[in-house]
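One structure is given here, and the rest of the page talks about it.
Predicted model, so just to flag it, every value in this text is computed and none were measured. What you see below is based on every heavy atom in this structure, not just the backbone, and it leaves out hydrogens, waters and symmetry mates.
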Amino acid sequence: MASQGAEGVKDEQATPMRTVVMASSAGTAFEWYDFFVYGALAAVISRNFFSQLDPTSGLIASLALFAAGFVFRPVGALIFGRLGDRFGRKGAFLATVILMGGATFAIGLLPTHAQAGGLGTVLLIILRILQGAAVGGEYGGAAIYVAEHAPSDRRGESTGWIQSSAAFGLLGAIGVVLATRTIVGEEAFQAWGWRIPFLFSAFLLAISIWMRLKLKESPEFERMKTEGRISEAPFRDVFLKWSNMKYVIIAFLSLMTAQGAIWWCVFFYTQIFLESFMKLPPAWANSILIGATLSSVPLYVFFGWLSDRIGRKPVMLFGMVLAAVAMFPAFHAIASGANPALAKAQETTPVVVHADPAGCSFQFDLLGRTKYETSCDIARNVLTKAGVAFSTVDAPAGALTSVSIGGVEVETLDGAGLRGEELAAITKENQTRIAGALEQAGFPTAADIGSVDWLRIALGFLVLVIAATALYGPLAAALVELFPSNVRYTALSVPYHVGVGWVGGFMPMTAFAIAAATGNIFAGLWYPIVFAGISIVACVILFPETRGRALTQSSD
C-alpha cells in the first residue's frame, strides 16, 4: 500500500511509512547505544586508559572524556546539517550511523595504556570526538526524514518514535554491559570483556546500514531538487539571514534550554542522586532508571500523538510547567522513599560547617583537573557526597574548618599547597573523621533496602517522566515544522545539540557544584527549574503553533 508524502499526497513509489519509522528509529537507537555504552563503562575505561593516574583522577578524566562527546555534538550538527541540506537527508544520516558505528567498534580494538602508553588514550579521545560529531548529525536527519514522509496529521505520532529511540539505546547499552559481565565474569570483564559491548556495535552497524540503504530520499528533498530550491550555502542562509536565524534563537530559548536541562536531570542526574546522595546500591539505582526509561517509551509516542490533536505548543508547555512545579516535590519524595533513615537524621540533627569563606570554592570542574585541597572544600565535598544537608557559618580568616554534627565538633585538616600522596592522605583523614561523626549521630552509610518505600519513589519518578516526555515527545515535529525546507537540517540540528549537548550535558556537574556550595542536596534542582522558566516565558511569547504547517516552504 502506498504511503503518503510529507503533505499527505500519495506517492506510489514512496517507502512505506512503517519502514520509514522503523529504519529511522532503529538506526537512531543503535547510535544512542554506541554513545551511551561508553558512559556505562566509564569506570572500566578509567582503569584501562588512565591507569597512570590515581583512581579518582582517572575516573574524572574518563567522565570528562564522556563530556567531550557532548561538546562536539554542535560541530557534528554543522557538518551533517550542511550535507543534509545540500545533498539529501538520506545520505547524511546514513553517514552518521557509519561514523558512529565505526568509531565505537574501533574503541573495542584500542590498545590500553599498559599496552601502548599514551597512544591508546589519544586514539580514544579522537574516537570520542567522532562519536559526538556523529550524534550531532543523527537526530536532525532522522527526525526530518520521518517528518517529511509523514502525513501532516500524524507527524507528532510518527516522530515520537524517534524521540523514544534514546530510551531504547540506553536500555540496550545497559543490557549488553550487564549480560557481558554476567557471562564472562567480573575478572575477565575488567581484563578484556569490556571490549565486547563496543565490538557488538559492528552487528548493530550492519543492521543499520542494511535498513537505511533500503530507504529512498525524502519526498520533500526530491521536490526541492526538482524545483531548484536547494540552498547552495546553508550556513549563510541560516546564520546570516534574520528570517531564519530568529527561529534558531526562538527554538533554543523556547524549547531546547528546558529540554536539555529537564531530560538529563530526569534520566541521568536522578541516578547520581540515588547513588551518591541517597546511598542506594548501584544495582537498585540502575533498576529504577531502567523502569523509568521503559515507562517513557510509550509516553513519547502518546504525547506526540496528542500534539497532533491539540497542538505542539500546549503539550510542550504542559511538560515544562509540570517539571518546574514538580521538580522539588518529586525529588523530596524520591529521597524520603529511598533512604528514610537519612531523611529522619537530617531533620533531627543539624550539621554546620564553620569555615573561612576565602577557603571555600564553587566546585565546578569541567576538565577534571582541579584539586580540592582546602579544609572547607574537602569537608563540603564529603558532606555533599554523603547526602547530608548543612549550613555554613563564617569563621575567622585563616581558621581551619570545623564541622558541627549534632553539637559534636569535628576538626579538619588543611591540604592547601599539598599534592599527590600527601593531599590524598589529608583528604582521607578528613573523610574518616567526618564519616565517623555522622555514623555516631545516626546518619546511615547506606540505604536499608528493607525500609525503602518503592511506591513513593515510583510516584516521584512518574511525575518527572511525564514532564520530560510531554516536552520531548512533540519536539521533533515542532522543530521540523518551524524551519524552511532548504535549511531545515542545519537550522534544526544546531539549537537542538547546543541545548541538549551543552545545557543538558553540563547539568549533573553544575547541580553537584550548587549542592556543595549551598549545603543543600536539592539546591542543584534550581538548574533545570531556571532553564525551564526561561523556556516557558519564551515559548509563551515567541514560539508559534506549528501543527499542520506545510513543509514545502523555503527561506527567502
Side-chain angles (χ1 to χ4, degrees), residues 6-7 70-99 129-130 132-149 159 217-257 259-260 475-503 535 538-539 542-544 546 549-556:
E7 307 310 323
F70 294 100
V71 173
F72 281 88
R73 282 170 66 165
V75 176
L78 289 170
I79 295 171
F80 291 103
R82 185 179 187 279
L83 293 175
D85 284 330
R86 289 279 289 113
F87 305 108
R89 312 338 189 175
K90 175 187 172 181
F93 84 134
L94 178 62
T96 64
V97 79
I98 293 173
L99 178 62
I129 291 172
L130 293 178
V135 170
E138 165 62 23
Y139 175 83
I144 291 168
Y145 189 81
V146 171
E148 289 184 348
H149 276 84
T159 55
E217 184 52 80
S218 88
E220 176 56 22
F221 187 84
E222 292 289 2
R223 186 181 293 114
M224 283 196 303
K225 188 162 63 172
T226 300
E227 297 172 359
R229 295 188 290 111
I230 294 176
S231 173
E232 296 295 325
F235 291 171
R236 179 198 63 199
D237 290 341
V238 171
F239 302 114
L240 298 182
K241 286 187 176 181
W242 178 245
S243 59
N244 292 324
M245 185 60 188
K246 69 178 180 181
Y247 285 114
V248 173
I249 297 172
I250 288 172
F252 176 74
L253 292 177
S254 302
L255 303 177
M256 298 321 310
T257 56
Q259 164 58 25
L475 186 71
L479 291 174
V480 170
E481 292 163 339
L482 184 65
F483 296 109
S485 301
N486 60 339
V487 294
R488 181 169 289 139
Y489 207 136
T490 302
L492 181 158
S493 298
V494 171
Y496 177 86
H497 286 290
V498 171
V500 175
W502 292 0
V503 176
S535 288
C539 189
L542 302 175
F543 195 83
T546 63
R549 273 191 181 184
L551 298 186
T552 56
Q553 77 273 16
S554 294
S555 60
D556 297 331

Does a side-chain heavy-atom distance below 4.5 Å link [X] with [Y]?
X: H497; Y: M256; answer: no
X: F87; Y: I230; answer: no
X: L130; Y: F72; answer: no
X: M245; Y: L240; answer: no
X: S218; Y: K90; answer: no
X: V238; Y: V248; answer: yes
X: R73; Y: Y496; answer: yes
X: I144; Y: L492; answer: yes

One pair to check against side chain to side chain contact (heavy atoms under 4.5 Å, CB included): F543 and L482. What are the steps and the verdict? CA-CA 9 Å; F543 195 83; L482 184 65; 3.8 Å; yes

As an exercise, state the distance from [atom1] of [X] to [atom2] of [Y], rounded to the nearest 0.5 Å.
X: T546; Y: L551; atom1: OG1; atom2: CG; value: 9.5 Å
X: E220; Y: S485; atom1: CD; atom2: OG; value: 3.5 Å
X: F221; Y: Y489; atom1: CZ; atom2: OH; value: 11.5 Å
X: L94; Y: I98; atom1: CG; atom2: CD1; value: 4.0 Å
X: N244; Y: R236; atom1: CG; atom2: CZ; value: 11.0 Å

Residue of the set D237, D85, N486 for which side-chain hydrogen bond (donor to acceptor under 3.5 Å, both in side chains) holds with S231: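 Of all the options given, the one that passes is D237.
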
What heavy-atom pair brings Y145 and E217 nearest, and what distance separates the two atoms?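 The answer is CE1-C, 4.0 Å.
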
Exercise answer: donor-acceptor pairs, residues 74-83 side-chain atoms, under 3.5 Å, sequence neighbours excluded:
none

Relative to the ring of F483, is the ring of Y247 parallel (under 30°), tilted (30 to 60°) or perpendicular (over 60°)? perpendicular

N-O pairing of E148 and R89 below 4.0 Å: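 Counted as a salt bridge, because a side-chain N and a carboxylate O are separated by less than 4.0 Å.
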
Does the side chain to side chain contact (heavy atoms under 4.5 Å, CB included) test come out yes or no for V503 and V498, once each step is laid out? CA-CA 7 Å; V503 176; V498 171; 5.7 Å; no

Donor-acceptor pair between S254 and S535 side chains, under 3.5 angstrom: no

For V480, is there any backbone N or O sitting under 3.5 Å from a side-chain donor or acceptor partner on R488?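 Such a contact is found between R488 side chain and V480 backbone.
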
